[in-house]
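Just follow the structure's listing: the first ligand is 1, and inside any ligand the first atom is 1.
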Amino acid sequence: MIIRPRRLRRTRAIRDMVRETGLSVKDFIAPLFVKPGQDVRDPIPSMPGQVHFSVDTIVKEAGELWDLGIPSIILFGLPDRKDATGSRSWAADGVVQQAISAIKAKFPELVVMTDVCLCEYTDHGHCGVISSGAVDNDATLELLARQAVSHARAGADFVAPSDMMDGRVAAIRAALDQEGFQDTGILSYAVKYASAFYGPFRDAADSAPQFGNRAGYQMDPANALEALKEALLDMDEGADMIMVKPAIPYLDIIWRVREMTLLPLAAYNVSGEYAMVKAAAIRGWIDGERVMMEMLTSIKRAGADLILTYFAREAAKKLMLDT
Ligand code: PBG
């Protein structure tokens, strides 16, 4: 007797019935870049389809994403000026803070997250303050906490520390609680690798380190047990959700973290993953739409509950057409 798995693939309706992994617009968190100015929609060359917004245009974009059913966005800021400590990152009138309050005023239910890190705000491009030529972990914690509190004060629902300093989730949680922001959540970039896939983002956010690299704080791509350790630490320190980043080259890590955490798990489908698909699709070498859906489904199948992805808008539209 031949066992015939193909019986379950015979028609589209049957395939729909036995599909194991569902992809929903509710899984998406859309990353958006905001910078000073008015009526700005500057294309980001290394990320076709993505733009830099100003506060007025990002509000419009947020509304469109919400109308598509996307429940959440994560904001990245390009400040008006940079300095050694990244002080514009916690300014009450900073561009991210302005964007948060403008978006929440218009779309109060949209879940607004913010990236908490110093690299976009420091003139040296590192994710923390420098002393004796290296990133000073403990001195950085207080600045990250300030930034997180300023985002919470502006109305952010979740802050998402991406700096990879030790102890930052605990420091941010304590500062939020002390300032009365018990309800502001933390989505921790718990497992963040020192990845070459962030290249297009660093162009977009003008955040490439001016000397050295991030290997002294981000994780070695060769390590998996260390990912579990990082996840455990952030769970212990009070993260509400944790993240693995990047996504596609680290599906095994998503799977392993999924198996050991009770928290919602996010994965960041990063700029390089997006840019590669776009570049090949523009040349006609791949079917960009199908590759997009296959990648996003694979990230879900690996165990992620939520996906931060530049494809959010496009994939939401595609999901709408398919149902
Ligand atoms: C900030 C930060 C980075 C990304 C998210 N937050 C860049 C980095 O660590 O250099 C990358 C996102 C992407 O590539 O899409 N530290």
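Against a heavy-atom cut-off of under 4.0 Å, Phe76 is close to the following atoms of ligand 1: 5 (C), 6 (N). Interface of Ser162 with ligand 1, defined as ligand atoms under 4.0 Å from a residue heavy atom, comprises 1 (C), 2 (C), 6 (N), 16 (N). Within ligand 1, the atoms closer than 4.0 Å to a non-hydrogen atom of Tyr268 are 12 (C), 15 (O), numbered from 1 in the order shown. Residue-ligand proximity, Cys119 to ligand 1, at heavy-atom distances under 4.0 Å covers atoms 1 (C), 16 (N).
At a heavy-atom cutoff of 4.0 Å, ligand 1 is contacted by the side chain of Asp115 but not by its backbone. Neither the backbone nor the side chain of Tyr274 has a heavy atom within less than 4.0 Å of ligand 1.
Ring-centre distance between Phe201 and Tyr268: not below the 6.0 Å cut-off.
The protein heavy atom nearest to atom 11 (C) of ligand 1 is Lys245 NZ, 2.9 Å. Nearest protein heavy-atom contact of atom 14 (O) of ligand 1 is Ser271 OG, 2.7 Å. In terms of protein heavy-atom proximity, atom 16 (N) of ligand 1 is nearest to Lys192 NZ, 3.0 Å. Here the protein heavy atom with the shortest distance to atom 10 (O) of ligand 1 is Arg202 NE, 2.5 Å. Protein heavy atom in closest approach to atom 15 (O) of ligand 1: Tyr310 OH, 2.6 Å. Distance from atom 12 (C) of ligand 1 to its nearest protein heavy atom, with residue and atom name: Phe201 CD1, 3.4 Å.
Taking the side chain as every heavy atom from C-beta outward, Ile74 and Leu32 never approach each other to under 4.5 Å. Side chains of Val291 and Trp285 form no contact here, defined as non-hydrogen atoms less than 4.5 Å apart.
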Problem - Derivation of the side chain to side chain contact (heavy atoms under 4.5 Å, CB included) call for Tyr198 and Gln218 - result: CA-CA 12 Å; Tyr198 309 149; Gln218 299 180 349; 3.6 Å; yes
Handout entry: side chain to side chain contact (heavy atoms under 4.5 Å, CB included) assessment of Met292 paired with Glu314
Key = CA-CA 9 Å; Met292 163 181 82; Glu314 230 179 307; 3.8 Å; yes
Exercise for the section: Apply side chain to side chain contact (heavy atoms under 4.5 Å, CB included) to Glu237 and Arg168, showing your working. Expected result: CA-CA 8 Å; Glu237 289 179 30; Arg168 92 271 207 207; 5.8 Å; no
Practice task
With side chain to side chain contact (heavy atoms under 4.5 Å, CB included) as the test, would you mind laying out the steps for Thr184 and His151 before giving the verdict?
Solution key: CA-CA 10 Å; Thr184 308; His151 292 169; over 6 Å; no
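The aromatic rings of Phe33 and His52 sit perpendicular to each other, their planes meeting at more than 60°, with 30° as the lower class boundary.
For a threshold of 3.5 Å applied to N or O pairs, the pair formed by Glu120 and ligand 1 contains no separation below that value.
Taking 4.0 Å as the cut-off, Met164 does not count as a neighbour of ligand 1 on heavy-atom distance.
Between the CZ atom in Arg202 and the SG atom in Cys119 there is a gap of 7.5 Å [rounded to 0.5 Å].
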